Amino acid sequence: MNKLLDWPEPIVRVQSLSDSGTPLIPERYVKPPLERPSINSTASMDVNIPVIDLVGLYGDDHALRAAILDQISIACREWGFFQVINHGVSPQLMDRAREAWRQFFHSPMEVKQAYANTPKTYEGYGSRLGVEKGAILDWSDYYFLHYLPSTLKDCNKWPTIPADCREVLDEYGKQLVKLCGRLMKVLSINLGLGEERLQNAFGGENIGACLRVNFYPKCPQPDLALGLSSHSDPGGITLLLPDNHVPGLQVRKDENWITVKPAPHAFIVNIGDQIQVLSNATYKSVEHRVMVNSSKERVSLAFFYNPKSDIPVEPLKELVAPDRPPLYPAMTFDEYRLFIRMRGPSGKSQVESLKSPR
């Protein structure tokens with residue numbers, strides 16, 4: 001861990017670059033030609049990730065519940081991404097959480113700098129992922145914090161601007177942990193397992209949960225940069241609260257990048273690498289990236305629901321057979337997260353590189 005005590009170069013806040021009015025972005029943010037957002041992008045009006053209404057998931061209508069389970073199963077297998085509406089989280093809380101963070105990022109720089117992070121834990125206010133010296137960087141700032149386990153939750157590292165920020169964040173985290181638990185049961189049932197099987201493989205009640213709030217400032221050359229490079233999420237399940245005005249998330253489908261059109265007060269759900277490992281690749285995490293905009297900023301909240309950090313994660317024995325051997329060796333989430341943090345966002349190469357030799 002000594003390698004992760006500090007960043008390899010001085011940190012530059014992307015918001016400050018944007019606010020400076022520069023017409024050209026620094027070379028450090030210019031992506032190689034094949035990684036630029038114009039490549040294989042589609043914003044077709046008739047293509048979107050599935051939108052699934054959860055309103056009947058816990059009712060007495062068994063046919064409706066079965067239909068919802070089926071929709072989620074198809075979305076997991078075909079997309080790795082879907083949106084959920086009527087999910088039980090207060091729409092007012094969702095709006096308040098997003099706006100609280102927008103206010104934080106528009107606070108004076110000296111206020112934000114008081115929460116500056118290091119690569120040791122990433123917790124706090126940051127502007128880069130990965131510690132490779134000379135790496136091409138993303139056009140974004142962020143704030144990272146822990147909810148669970150309680151031993152890592154430190155409210156003193158949470159912003160105090162606006163005044164109700166900590167109270168809002170705490171309630172937001174509680175509601176999202178509940179929603180993730182419900183979705184874990186659905187995924188487990190759809191894999192032909194008992195409804196608690198995936199949750200137990202995560203550590204039961206002793207799971208990890210954290211939040212990364214992404215701030216994407218205006219970018220004078222959005223055709224050359226990305227707000228977040230192509231990657232799959234390393235954890236279990238991600239719930240994304242997107243910006244309510246400006247699209248930006250793109251999901252890889254076959255050889256194309258699909259621009260997600262968020263439904264009002266929906267969460268965007270995606271499968272992470274740990275679910276891919278546990279399901280022995282029945283469900284796969286999917287590459288995604290974020291575009292930036294020359295005229296509008298964006299704020300989004302990514303909530304990560306992860307396995308307990310120190311238990312080995314490997315394909316579940318019920319999903320392994322002579323004709324379907326385990327694809328991945330056992331690895332704790334702590335080990336995998338360190339592996340990711342050293343390299344930064346890197347498509348699907350992280351999880352694919354773990355596959356056992358055949």
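What you see is a predicted model; the values in this text were computed from it and never measured.
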Side chain to side chain donor-acceptor pair (under 3.5 Å) evaluation trace for Ser285 with Asp273 | CA-CA 5 Å; Ser285 59; Asp273 294 344; 2.6 Å; yes
Is there a donor-acceptor contact under 3.5 Å from the side chain of Lys185 to the main chain of Arg182?
-> no
Any side-chain donor-acceptor pair under 3.5 Å between Lys31 and Ser229?
-> yes
Say whether, by atom type as modelled, one donor and one acceptor occur between the side chain of Arg98 and the main chain of Pro242 under 3.5 angstrom.
-> yes
Roughly how far apart are Arg298 CZ and Ser140 OG, rounded to 0.5 Å?
-> 10.5 Å
With no hydrogens and no angle check, do the side chains of Ser295 and Asn293 hold a donor and an acceptor under 3.5 Å apart?
-> yes
Look at the side-chain heavy atoms of Ile, Leu, Val, Met, Phe, Trp and Tyr, link any pair under 4.5 Å apart, and say whether Val177 and Val213 land in one connected group.
-> yes
The reported gap from NZ in Lys112 to NE2 in His106 (rounded to nearest 0.5 angstrom) is 8.0 Å
Is a donor on one side and an acceptor on the other found under 3.5 Å between the side chain of Glu123 and the backbone of Leu145?
-> no
Is the shortest heavy-atom distance from the side chain of Tyr29 to the side chain of Val12 under 4.5 Å?
-> yes
Is it true that a side-chain atom of Lys308 and a backbone atom of Gly208 form a donor plus acceptor pair closer than 3.5 Å?
-> no
Does any donor atom in the side chain of Asn270 or Asp233 lie under 3.5 Å from an acceptor atom in the other side chain?
-> yes
Are Arg166 and Asp164 close enough for a salt bridge, meaning some N to O gap below 4.0 Å?
-> no
Which is it for Glu99 and Gln103 under the side chain to side chain donor-acceptor pair (under 3.5 Å) test, yes or no, and what are the steps along the way?
-> CA-CA 6 Å; Glu99 289 314 305; Gln103 288 181 51; 6.0 Å; no
Is a donor on one side and an acceptor on the other found under 3.5 Å between the side chain of Lys253 and the backbone of Glu78?
-> yes
Tyr147: partners by ring-ring contact (aromatic ring centres under 6.0 Å, His included), with sequence neighbours left out = Trp158, Phe303
What one should report as the nearest heavy-atom pair of Pro247 and Val260 is CB-O, 3.9 Å
Could you give the distance from OG (Ser279) to CD (Gln274), rounded to the nearest 0.5 Å?
-> 11.0 Å
Verdict with reasoning, Asp6 to Thr118, per side chain to side chain donor-acceptor pair (under 3.5 Å) | CA-CA 5 Å; Asp6 210 349; Thr118 73; over 6 Å; no
Heavy-atom nearest pair, Ala116 first then Arg13, reads CB-NH2, 3.6 Å
Distance-only, no hydrogens or angles: does the Asn306 side chain make a donor-acceptor pair with backbone N or O of Ile207 under 3.5 Å?
-> no
Using the benzene-type ring in the case of Trp, are the ring centres of Tyr142 and Phe215 under 6.0 Å apart?
-> no
Just wondering, more than 12 heavy atoms not from Glu205 lying within 6.0 Å of its CD?
-> no
Would you indicate whether the side-chain heavy atoms of Val89 and Met94 approach each other to under 4.5 Å?
-> yes
Before accepting this row, confirm whether a basic side-chain N of the pair Lys317/Glu314 lies closer than 4.0 Å to the acidic partner's carboxylate O.
-> no
Could you walk me through whether Lys218 and Glu297 pass salt bridge (Lys or Arg N to Asp or Glu O under 4.0 Å), step by step?
-> CA-CA 5 Å; Lys218 298 173 189 176; Glu297 68 183 35; over 6 Å; no
Check: Trp101 ring centre within less than 6.0 Å of Tyr143 ring centre | yes
Give a yes or no on this: more than 12 heavy atoms of other residues, nucleotides or ligands lie within 6.0 Å of atom CD of Glu196.
-> yes
For the pair Trp139 (side chain) and Pro217 (backbone), establish whether a donor and an acceptor sit closer than 3.5 Å, ignoring hydrogens and angles.
-> yes
Indicate, with yes or no, if Met184 and Tyr58 share a hydrophobic cluster defined by side-chain heavy-atom contacts under 4.5 Å among Ile, Leu, Val, Met, Phe, Trp and Tyr.
-> yes
Who passes ring-ring contact (aromatic ring centres under 6.0 Å, His included) against Phe333, sequence neighbours left out?
-> none
Any side-chain donor paired with an acceptor under 3.5 Å for Ser232 and Glu287?
-> no
Would one find more than 12 heavy atoms of other residues, nucleotides or ligands at under 6.0 Å from atom NZ of Lys153?
-> yes
Taking all non-hydrogen atoms of both residues into account, name the closest pair between Thr259 and Asn48 and its distance.
-> O-OD1, 4.4 Å
ring-ring contact (aromatic ring centres under 6.0 Å, His included) against Phe82, all qualifying residues, sequence neighbours excluded = none
Can Glu195 and Ser188 be counted as having a side-chain donor-acceptor contact under 3.5 angstrom?
-> no
Inter-residue atom distance His288.NE2 - Ser230.OG, 0.5 Å rounding | 8.5 Å
Which atoms form the tightest heavy-atom contact between Ser90 and Gln175, and what is the distance?
-> N-OE1, 3.2 Å
Roughly how far apart are Leu179 CG and Leu54 CG, rounded to 0.5 Å?
-> 7.0 Å
Leu69 with Leu198, same ILVMFWY side-chain cluster at under 4.5 Å | yes
Taking atom CD1 of Ile72 and atom CZ of Arg77, what is their separation to the nearest 0.5 Å?
-> 12.5 Å
Are the charged groups of Glu35 and Arg289 less than 4.0 angstrom apart, N to O?
-> no
Output yes when Asp243 and Arg102 qualify as a salt bridge under the 4.0 Å nitrogen-oxygen rule, no when they do not.
-> yes
Would you call Glu9 and Arg128 a salt bridge, using N to O less than 4.0 angstrom?
-> yes
Sequence neighbours left out, what passes salt bridge (charged side-chain N to carboxylate O under 4.0 Å, His left out) with Lys178? Give chain and number order.
-> none
How is the hydrophobic cluster of Ile161 composed, in terms of its other members, when Ile, Leu, Val, Met, Phe, Trp and Tyr link through side-chain heavy atoms under 4.5 Å apart, directly or indirectly?
-> Val111
State whether Asp60 and Arg65 are salt-bridged, where the test is any N-O pair (Lys NZ or Arg NE/NH1/NH2 against Asp/Glu carboxylate O) under 4.0 Å.
-> no
Mark yes or no for whether Ser107, through its side chain, and Phe104, through its backbone, hold a donor-acceptor pair below 3.5 Å.
-> yes
Check whether any side-chain heavy atom of Tyr283 sits under 4.5 Å from a side-chain heavy atom of Leu187, and report yes or no.
-> yes
Please identify each residue that fulfils side chain to side chain contact (heavy atoms under 4.5 Å, CB included) with Asp53, with sequence neighbours left out.
-> Val55, Ile85, Asn86
Answer with yes or no whether the hydrophobic clustering places Ile237 together with Val51; edges join I, L, V, M, F, W, Y residues whose side-chain heavy atoms lie under 4.5 Å apart.
-> no
Taking all heavy atoms of Cys180 and all of Tyr305, pick out the closest pair and write down the distance.
-> CB-CD1, 3.3 Å
Neighbour count above 12 (heavy atom, 6.0 Å) for Glu27 CD | no
Are the aromatic rings of Phe267 and His265 close, with centres under 6.0 Å apart?
-> no
Within the side chain of Arg337, is there an N or O that forms a donor-acceptor pair under 3.5 Å with the backbone of Ser309?
-> no
Tyr328 and Gln276: side chain donor to acceptor below 3.5 Å = yes
Quick one: do Leu176 and Phe304 end up in the same hydrophobic cluster if we chain Ile, Leu, Val, Met, Phe, Trp and Tyr together by side-chain heavy atoms under 4.5 Å apart?
-> no
N/O donor-acceptor pair under 3.5 Å between Gln83 side chain and Lys261 backbone = yes
